[in-house]
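Here is the structure we will look at, set down as structure tokens.
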Amino acid sequence: MSHRAPESQSQRRVFAAMHAVLSDDHNYERGLSALRDLVDQIVREEGTAGLCDFTVALSLGLAGALERIAQDHGLAAADLAEVWFAD
């Protein structure tokens, strides 16, 4: 049975991950390093179950943001995601 992180902890980690890559426009590498450190910490403290919880929370957060942006522009969220993540 996997251990689920408390919702507030997952939300804090998702915010920390987003903050790491968005907070310093002048040093992208530093943001990536902070994000990698966060992921390493999650794996050390909670193992793969914690990493899974983090990934799900991050995905849900991104999906929610895409839904809000799509709604503001009169688009379907799935269509917006397809455009944003197209190669």
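We're numbering straight along the sequence, starting at 1.
When side chains are defined from C-beta on, Leu32 counts as touching Val21, because their heavy atoms get closer than 4.5 Å.
Listed by chain and residue number, Leu66, Phe85 satisfy the side chain to side chain contact (heavy atoms under 4.5 Å, CB included) test with Leu62 (two or more places apart in sequence, or in another chain). For Gln41, the side chain to side chain contact (heavy atoms under 4.5 Å, CB included) criterion is met by Leu38, Arg44, Glu45, not counting sequence neighbours. Applying the side chain to side chain contact (heavy atoms under 4.5 Å, CB included) criterion to Thr55, with sequence neighbours excluded, gives Leu51, Ser59. Looking at residues two or more places apart in sequence or on another chain, you find a side chain to side chain contact (heavy atoms under 4.5 Å, CB included) between Ala34 and Ala20.
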Could you walk me through whether Arg36 and Glu29 pass salt bridge (Lys or Arg N to Asp or Glu O under 4.0 Å), step by step? CA-CA 10 Å; Arg36 290 179 192 278; Glu29 290 80 18; over 6 Å; no
Quick one: side chains of residues 70-80, donor-acceptor pairs under 3.5 Å with protein atoms, not counting sequence neighbours, listed by atom name and distance.
none

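Note on Leu35: it clusters hydrophobically with Leu22, by side-chain heavy-atom contacts below 4.5 Å among ILVMFWY residues. Both Leu58 and Val43 are part of a single hydrophobic cluster, where members link through side-chain heavy atoms under 4.5 Å apart.
With values rounded to the nearest 0.5 angstrom, Asp37 atom CG is found 11.0 Å from Ile42 atom CD1.
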